[in-house]
Structure formats: structure tokens, C-alpha cells
Amino acid sequence: MKKMGLDRRSFISFLAGGTGGILFTPVVWKLLDDASIWSQNWPWIPRLSYGALDRKSALCKLGPDAYGVEVLTVGGRPVTAYGNEKDPASKGGVCPLGAASVQLLYSPARVKSPMKKDGASMVPISWDEGLSILKDKIKVAGDKVAMISGDETGTAAEVLAALVAGLGSDQYFLMPSEAGPAVRAWQNVFGGDGQPGYDFENSDCILVLGADICQAWGPGVGKSCMDAKATGGSLLYAGPVENGTAAVADEWIPCMPGTEAILALGVANALIQAGRSADTMGMSEFSDFVRKGFSPAQVEAKTGVQAAKIKDLSERLLRAKKPVVVIGSEIGQGLSTFEAAAGMSLNFLLGRINQEGGVRIVPWAEPVFEGAPRRDAMLAKDLVAFLEGVAVGRNEAPAVMLVHEANPAYALPGGQSMANSLRKAGFLVSFSSFMDETAAMADLILPASYSFEGFDDSYTPYGSAKGTYLATAPVIGPVNDTKTAGDIILAVADELGLGLGLESFEEVLQARAENLGADWSGLLEDGEAWTSERTAFQFFLSMWKVPFDADLGKKGADGQLVLAPVVKLNIGSAKMATPPFNVLTISERELQGQDCFVAMNKATAAMIGVDQGSMVKIASQSGEMKGRVQIFEGVVPGAVSACLGFGHTAWDDFSRGKGTNACDVLLVQGLDSQGGASFGNPQITVSRA
Amino acid sequence: MQAHTFHIKWGMVIDIDKCTGCGACMVACQAENNVAPVTEASNKLRTLSWMLVYQLSNKQDFPNHDVAYLPRPCMQCGHPSCSTVCPVVATTKDEEGGIVSQVYPRCIGCRYCMAACPYHARYFNWHDPVWPEGLDKVLTPFTSVRPRGVVEKCTFCHHRWMAAKEKARHEGHDPSHLAEDAYIPACVDICPTGAMHFGDLLNPEHEVHKLSKSPYAFRLLEKLGTDPQVYYYSKREWVRRQGDNYLKHEKTKGE
Ligand code: SF4
Ligand code: SF4
């Protein structure tokens, strides 16, 4: 009886499979195909092809973080990306860029072969020619070679840094991110070692200052915060714009753009008043510093957050058993070392270092190559500060600049002037998989394979509370004439007689896995992440070892209009323009035709004299952008919010020519004594355009 | 028309308080179901988004403003307005599970169903789909490609149900009693904050059964009597209030 029932049901399911128009087995498809042949089966409508389904583990590095995904393959052909439950960093979630990651293999913006500049255009060349041009240029340049990588967690960046270091240069830079200031703050201001991470999942009170962690810090962070909420924890967000994190927070605490660090020190002051202290050197100086400059009234005047609210925040942190505070920038870059330290000081006062549900400090991975810089040495160098120096003649421009997985010509503050600094390099080489703005202005493009086409890896993305390591094998061979970035660099090093000792990038990753004690075949075959609960030993922590920053506290409300940039990963990231499949996700409040929107509240619009839909020009000392006014009450008065990710000039029809680039308006506001450049919230003028 | 009685009712409970509006669900849906990419998507009436994320506002001025996001798939209505108006029976609700079907080869493109659907969940192919060169290589084997002149909509990734049942049979389990999460649509699968829950609303072992009965659960335009199989969940009263047309002094569900 049961059997009959099942058979009947499965028969119905087959019919239903057809009626849903959704087909699982070839048999059903064939039946439906026959039925529809006479009506809708035109030759120009693509046919589906079938094969065995499989899943292969891969890495998504399209956003600021890096995490594991599983690529669904059909007869070996990658078709779409799903989450990887075994990756603790993502917890099986996928960000909107990861969701579109497989389709990017065939993006019209892919660079199809090596190319060199020939007058105003780029012409295809062979790999032999490309490698030999690069070898000759490096030979002449000697130690005047610099590199920029956007691969903050991958070993490819280390191979490149090993090459640069081998040439005698220390100009190895990573693109600006949250990790740079956080690590500088941890190491220089508090004397710590290792990379700070946040155990959101086990916290019962998460105070987020600025950073849009739930939307833009990678899929696992959002899930961890929701898990904390589900077990009774609270999530509080302070920032100038009601962003994705504010939307899911228990409370949005609006503050003036760029004043989150001031708010942090206001809360620090309240905690100290309530008797909190850290038993370390420098504590009394720190307490004097915050008492004098960050009284509730002073902080209220600068941040716009009422004194009573500051007190309330400190009380909530004190009441919580496992509070954690995280500070970052709304756009994931541009914080100064001191701003990062101001946020971290609260975890210090609350005794939350290396505690469950607090801050956890993950040890660094030792470099695979002797003489190569460790990741913290790379993070200690600030690219924006360096290029600014090149612009004003403080730093010499490199003779050869190598750019890997990064698009500095588009994504740095004051876009145009940074692009000019890059242009000053004697010879610009891009290893980009895509024709981005930097590749478009390069002298030579040696296109790297896309992450899914080669070996790739990632060690502990910034923010992760545990040490993690993921390594992946190619999901598919290169679909264009490209090579894995690591292999290109090893080949160049070899040609230069700088043999790094390992033959292939695969061997490099094997060596990394071995160093960490990770099981190489487990990593590759099962997509299993290596994880470690180990925290870094702290030799001697102290409160604020360096002089206090005189500028910290100057920002804030002074009647001027300020830019409040935001980032939305579906639109793109610093390295990725809008993928083809993401165009649909851009809302009509963000883009209409060629025009992007800038958001402000009614009071601000009235003050400027503009209305919903008015076309305006936004200008700072560094550059300008245009956009239509979107009235949105989720922006603090006096601020104008603009989304990064528009205004591409290279790439393809899915992103080119849509809106204008808000990075052009970002202004480098100063270099701190720890070598960091801060940018993000410039004063602006807004006029009708 | 007499509504069918089902023993399984696939349903979603979308926790609005967990949705950041990131849009990953929209991308996952598009990729899974072979919706062609478009270079221009400003006019949301002309694009095809089986899953569409709406921004909600509590309509208060700063600083009392609040924002929320509402992902909208097809509601798989218990009393679908769409299928009743279809002249050629291209869309029906008669299969166990309660998913409203859409038979592309039968659809004559009259668009009555689009006019009838109160949730704007249906989309019309005004043009033939275009995949830029090479991009057709990523077509999944799950959903046939629809030509111009055909209406389409979310099917709760029906093929995943077929696959889950097949897997259950293979493993010797009862395919009509699937375990929690054995079948979930692509959007639910991919969501980075875990905002969407999916399961059998009639099965007490499934999370959605419990969640749908929460005082904080509500459905869109419930008063129309469409009896949707998609529930929303929010502890925010103003969000629940926007889910339906309430009179000024009427109490909101969950209050
Ligand atoms: S993927 Fe999840 S968080 Fe993102 S928009 Fe969809 S439901 Fe919301
Ligand atoms: S939401 Fe619209 S398309 Fe879906 S079942 Fe209901 S009426 Fe039909």
C-alpha cells in the first residue's frame, strides 16, 4: 500500500516538476521539451545542458573579507555558488558578491590574454613576451619596485611581497581596509601582538561604532550577531546613516559622520567615572586625557549624541556579562590608528581582551618564504600615505609598480589624484583578472586566473575570532589565457634568478598548510577549514603607549556639511564592480538610468534648498561627484550620504557609466604619527547641478 | 473554486528584524532559476525579480526614523488570485505542498494573472532573454529558459523539492515527511544573516510551524483572504502594521 502511494506521489512529482517549469531529471526535461517545441522553442533561446551534479569548495574574495563557498558543478561545468557550512567564517552564508561569483568566470570584463600598451590602446601579446618585458623592466628598476595587493588574507600577496623584498624593496602595500588601522592600534598603541577578532556570537552586548558589520563584513559576521541576538544579547549601532547593521540592530544611535571615536572616548570617560580601569601602565594618563577632552558635554557637542545616551551606553556595557565593542569605518577603510585605538580602549576598560564573547587576538601565520614580510609588517605600511607622498614629492615614485587583485585607480580616496600618483610610476603592471580602471591604464597586463580557476587560500580574515585557514583547488581550468597570480610571480622571480625555492603556487600553499599544521588533503577535498582556538600571547600590554592624537576630537558638528559615504556589497567593492547578476539588486533609490542618488534628510535638504530628485554637485577639496537627491530620514542632519561603487569607467556595460564615483570626494584628512592616513568624511559643498 | 486540502504546506517565515537588505537572496534566485542578467534595471516593472527586496520606512522624521527590509517571493497563496483568472490553466494550485505552478509552454502571455496578483510577484518577458557571450555556460539544469511573451514567478525552487524527495527515497526515508532543512529554496539557503526560515507549515517538527504561530508573525494583505504561505516576523509594531491596511484606531496583529 505504502509503496503504491509512493509511486503515485512520485508520478505526481514528475508532472509537477514539469508544471513548475523546473526540471530536475533529464527525463522530465525531455518530456516538457517535446511538449513545448511547437510553441516556444526558438533557436535563439539557450537550451539547458545536463550532467552529474557535484559541489567543489572555492573561495570568495570579492568583498573586503574572504570566505568559503561551494560551487555547484553540472557535468564539471560550474553553474552557481552556495554556502560552505564548514567554514566558520561564513557559517554557510554568502554575500551578494559571492552569490554572483560563478557567473564572473564569463564576465564580459575578463582580460582574455596578456596585453601591453601600444600608444593609446592595449594589444594582446604572448605570455613569453609579457614575462620577458616584466623581467627587463624589473632588472633596470632594481630595488625601485613596489607592489599593491588587495588580497589581504591570501598567500599570493606574500609571494609577491617575497619578490619585492628579494629585490631589496620594502614597498609592499595592501589596499586600505579595517585591518590596517586595527592592527597598528593593537601593536603600536597597546603594545600587543596578533590580529584582533571579535567573538560576536558569544557576546551579550555588541556595541558597533561606524562599521556596517552585518552587511559589509562578510556573511558570518551578520549570522553571529543574529545568533547573539537570538540568545538574548543586544546589538547597538552608532553611525551617521541607518545602514544594514542599523536595520537589524536593537537601536540606532545617530552620530555625526566620523565622530564614532569621539563617542568611544566619551563612553570610556563614563566607564572610568563608574570606576573601571585597566591595570596597566599609562592608565592614569589615559584617564586624564579622556576626562579633559571627552566630557559628556564635549562629546555631545561634537557627535550629536546626547550626554544621557552616552551614560546609557556605558551602563549597558557595564551591566552586560560579555560585552564587546567594535569600531570601524562605514566604508571599511579610512580610519586612523587612533580612532581604531579609541574603540579598542573600551574593550580594555571592560576587561574583554582574550575573553569569550569579547575580543580575541589571533596569532599571525609565519611567512612561507624566508625574508618575506609577515602580514602585520605589510599592514603596518599605509598605501594612501605613500601615494599621497608621491603626489606631493615626499616619496619617490617607484620605477615599477605591480598591482595584484586591487583597483587603486578607482577605489582610493581622492580617486583622481591617487590615479595620478600611480601614473607617476615608471611602469605600471596589472595582474587583474578583469579590465578594471587600473588595468585599463597599465603598461602591461599579465592577467591572473580568477580564484575558481587556480589554487587559492585565505588565512584568518580580519575580525574572525578564531584562526582559520582555507585552501582550494581549481574548480575549472582557466577559461581564458590566464595563469594563477602566484605562478606568474614565481616565474618572474625565477627569470630574475631570485628563485624563491618553490616551483608552483600549489607547493607554496602546501608549505603554508604544513606550517600551520593543517591537513592539506582535508582542506582540498572536503572544503574543511582548519581552525585554531589559540590566542596570541601578549607580552606587555599598556594603555596608550604613544602620544595622544591632538586631532582626535577635532572632528564633528561645526555647521559644515559632511560626506557620509556608505558601501553596499551588492553594488560592488573596492576590487569588484557590479557583477552582471547584481544589477537587478540595485534599488530605484540608489540608481535611475545613469544617475546615482545621494541621501539626506528633509531638514538638510531644506537647508541646502534642494528637493527629492534635484541633481546636485557634491564637492570637497579633493574632487566632486554628481547625484540626485534622495530624501531619507535615516541620515543625520548636516550629512549627505553617498554610496561607493558607482561611476566606473572601465569594466563592462553592467557597471560602466552608471552614476559617479564617490571616492573622488573622499579626502585624505591627515597622516597620523603611526603612519596611517585617515579619510572618509570630508567637509563638502552641495550645489544644484 | 474549491481550494485543495494539502497535507504538506511549504512555507516561509521571513524575520524582517534580521534582514539587512543585502540582496544576496535576489542574486541567488536569479542564478538558480536562469533569469538572464540585464544591464539596466531602473524600471522595476520591466525587470524580472522573482525575489525582490523592498525597503520599508516607519515614515518618521529624523531622529525617530526606522528602516526595515522586506524580501518578497511569491506568496504561494492558499487562495491565489492569479490562477483563478488564467484562461488557459497555465498556473494552478493543485499539487501537494501548495506551491502555485507556472507552466511556461501553456502561458499565452495575456497577463491577467499579473493584474490579479496583489503582491506584484509575477513578471512578464517583454523581450527574449539575452546572455552575454559565454555567460550561458552558467545556466543551471533546473529551470528552462523562458522566451518572450511568457509570465514567470517564484516557485519556491520547486526542483529542490523534487531533489529532496529523490534523496529521501534513495536513503530510505519517507519523501512525504522530509526533515527540517532537507528542502529549502536557494534564497533561504544563501541568506548571510539567516533571516529566512523554510519548511512545512503543517509539520509541528518544523521551525516555521512554530514561528508562523507567533504573535509577531503576520502575512501581507491578510485581509484580502489570499491566505499566503509566506509569513513575516517582526517585533516592531510599525512593520507589522505596514503588512496590511489597518484602520487608524484598529489594533495591529501581535499587539
Ligand atoms: S539575503 Fe537575507 S539579509 Fe540579504 S536581503 Fe535577502 S533576506 Fe535580507
Ligand atoms: S503571490 Fe501572486 S503570483 Fe503568487 S500565488 Fe499569490 S496571487 Fe499568485
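Since the structure is predicted, the reported quantities are computational estimates derived from the model, not experimental observations. In what follows, chains are A, B, ... by sequence order, proteins preceding strands, each numbered from 1.
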Non-hydrogen side-chain atoms of B:Phe62 and A:Met600 separated by less than 4.5 Å: no
Contacting region of A:Cys95 [heavy-atom separation from chain B under 4.5 Å]: backbone
Distance-minimising heavy-atom pair for A:Leu53 and B:Phe142: CD1-CE2, 4.2 Å
From B:Ser57 atom OG to A:Ile631 atom CD1, the distance as rounded to the nearest 0.5 Å: 12.5 Å
Winner by heavy-atom pair count (cut-off under 4.5 Å) against chain B, out of A:Leu97, A:Asp652, A:Asn582: A:Asn582
Interface moiety of A:Leu105 toward chain B, non-hydrogen atoms closer than 4.5 Å: neither
Which atoms of A:Asp653 approach chain B - backbone, side chain, both or neither, heavy atom under 4.5 Å: both
B:Val67 and A:Trp252, any side-chain heavy atoms less than 4.5 Å apart: no
Atom pair CZ (A:Arg656) and OG1 (B:Thr39), whose distance is rounded to the nearest 0.5 Å: 11.0 Å
Chain B contact via A:Arg589 - side chain, backbone, both or neither, heavy atoms under 4.5 Å: side chain
Heavy-atom proximity to chain B below 4.5 Å, by part of A:Ser49: backbone
A:Val635 portion near chain B, given a 4.5 angstrom heavy-atom threshold: backbone
From B:Lys18 atom NZ to A:Leu235 atom CG, the distance as rounded to the nearest 0.5 Å: 12.5 Å
Engaged part of A:Pro580 at the chain B interface, taking heavy atoms whose separation is under 4.5 Å: both
Side chain / backbone / both / neither for B:Val130 at chain A, heavy atoms under 4.5 Å: neither
Options B:Val53, B:Asp66, B:Asn43, ranked by heavy-atom pairs under 4.5 Å with chain A, top entry: B:Asp66
Between SG on residue B:Cys22 and NZ on residue A:Lys568, distance to nearest 0.5 Å: 8.0 Å
B:Glu171 CD: over 12 foreign heavy atoms closer than 6.0 Å: yes
Distance, nearest 0.5 Å, that separates CD1 of A:Ile586 from CD of B:Glu40: 9.5 Å
Atom NZ of B:Lys44: over 12 foreign heavy atoms under 6.0 Å: yes
Largest heavy-atom contact set with chain A, pairs under 4.5 Å, which of B:Val38, B:Asp136, B:Val35: B:Val38
Whether B:Ser42 side chain and A:Gly593 backbone form a donor-acceptor pair below 3.5 Å: yes
Largest heavy-atom contact set with chain A, pairs under 4.5 Å, which of B:Ile16, B:Thr91, B:Leu52, B:Asp61: B:Asp61
Which atoms of A:Lys91 approach chain B - backbone, side chain, both or neither, heavy atom under 4.5 Å: neither
Nearest non-hydrogen partners of B:Thr143 and A:Leu48, listed with the distance: O-CD1, 3.4 Å
Proximity breakdown for A:Val74 and chain B, heavy-atom pairs closer than 4.5 Å: side chain
Heavy-atom closest contact (A:Ala81 atom, B:Ile190 atom, distance): O-CD1, 3.7 Å
Closest-packed option against chain B by number of heavy-atom pairs under 4.5 Å, given A:Glu242, A:Arg77, A:Arg110, A:Lys229: A:Glu242
B:Lys167, NZ: over 12 other non-hydrogen atoms inside 6.0 angstrom: no
B:Gln60 versus chain A, the contacting section by heavy-atom distance below 4.5 Å: backbone
Any pair counted as side-chain hydrogen bond (donor to acceptor under 3.5 Å, both in side chains), so long as it reaches residues 177-198 of chain B, sequence neighbours left out: B:Arg160-B:Asp189
Contact origin within B:Ile99 toward chain A - heavy atom pairs under 4.5 Å: neither
Considering all heavy atoms, the nearest B:Leu139-A:Pro46 contact: CD1-CB, 3.6 Å
For chain B, the option from A:Ala230, A:Gly222, A:Pro579 that forms the most heavy-atom pairs under 4.5 Å: A:Gly222
Test side-chain hydrogen bond (donor to acceptor under 3.5 Å, both in side chains) applied to B:Thr47 - qualifying residues, sequence neighbours left out: none
From CG (A:Leu584) to CE (B:Met51), nearest 0.5 Å: 12.0 Å
